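Please read all numbers here as calculations on a predicted model, not as lab measurements. Residues take their numbers from the sequence shown, with the count starting at 1.
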Amino acid sequence: MQRIIQVNSVCEQDAIRRASTKLMTREERVLALLEMQNRFLRWDTHPSMERVAKIKRLDFKDV
């Protein structure tokens with residue numbers, strides 16, 4: 001995943017985040033979510049916490 005840094009005003013942050021998310025594929029969005037979970041939940045420091053996931057494919061229109 002390539003990281004791009006954008007410098008904006010605070011009021012533009014939501015619009016830019018939405019626009020960049022729309023450019024991502026479904027797989028990239030899932031990878032970004034998993035990366036965020038790893039960064040905040042720190043599975044490696046909590047070995048007793050079991051990581052459980054269920055992936056279900058829903059046929060929604062990709063917006």
Side-chain angles (χ1 to χ4, degrees):
M1 184 182 301
Q2 183 180 11
R3 296 187 186 266
I4 299 172
I5 298 174
Q6 298 177 345
V7 179
N8 313 335
S9 66
V10 175
C11 61
E12 297 173 330
Q13 287 180 358
D14 284 338
I16 290 172
R17 190 176 302 117
R18 285 187 189 108
S20 64
T21 303
K22 284 183 181 181
L23 295 174
M24 297 170 83
T25 64
R26 291 178 182 173
E27 290 78 17
E28 288 174 333
R29 281 181 273 197
V30 170
L31 288 174
L33 174 67
L34 293 174
E35 181 182 331
M36 184 179 65
Q37 282 183 342
N38 284 335
R39 198 172 37 230
F40 290 108
L41 297 177
R42 296 296 314 260
W43 299 105
D44 55 336
T45 59
H46 302 287
S48 61
M49 186 186 316
E50 183 179 355
R51 186 172 183 174
V52 179
K54 179 178 180 182
I55 297 176
K56 183 175 182 180
R57 184 158 183 90
L58 303 173
D59 293 325
F60 290 116
K61 186 171 100 175
D62 197 8
V63 290

Asker: Between CZ of Arg29 and CG of Leu23, what distance do you get to the nearest 0.5 Å?
Answerer: 10.0 Å
Asker: Evaluate the side-chain proximity of Asp14 to Arg18: yes if any heavy-atom separation is below 4.5 Å, no if none is.
Answerer: yes
Asker: With rounding to the nearest 0.5 angstrom, report the CG to CD distance, Leu31 to Glu35.
Answerer: 8.5 Å
Asker: Indicate if Phe40 and Leu34 have the same hydrophobic cluster label, given that clusters are the connected sets of ILVMFWY residues with side-chain heavy-atom separations under 4.5 angstrom.
Answerer: no
Asker: Could you measure the distance from the CD1 atom of Ile16 to the OG1 atom of Thr21? Nearest 0.5 Å is fine.
Answerer: 11.5 Å
Asker: Specify the closest pair of heavy atoms between Glu28 and Met24, including all atoms of both residues, with the distance to one decimal.
Answerer: OE1-CA, 3.2 Å
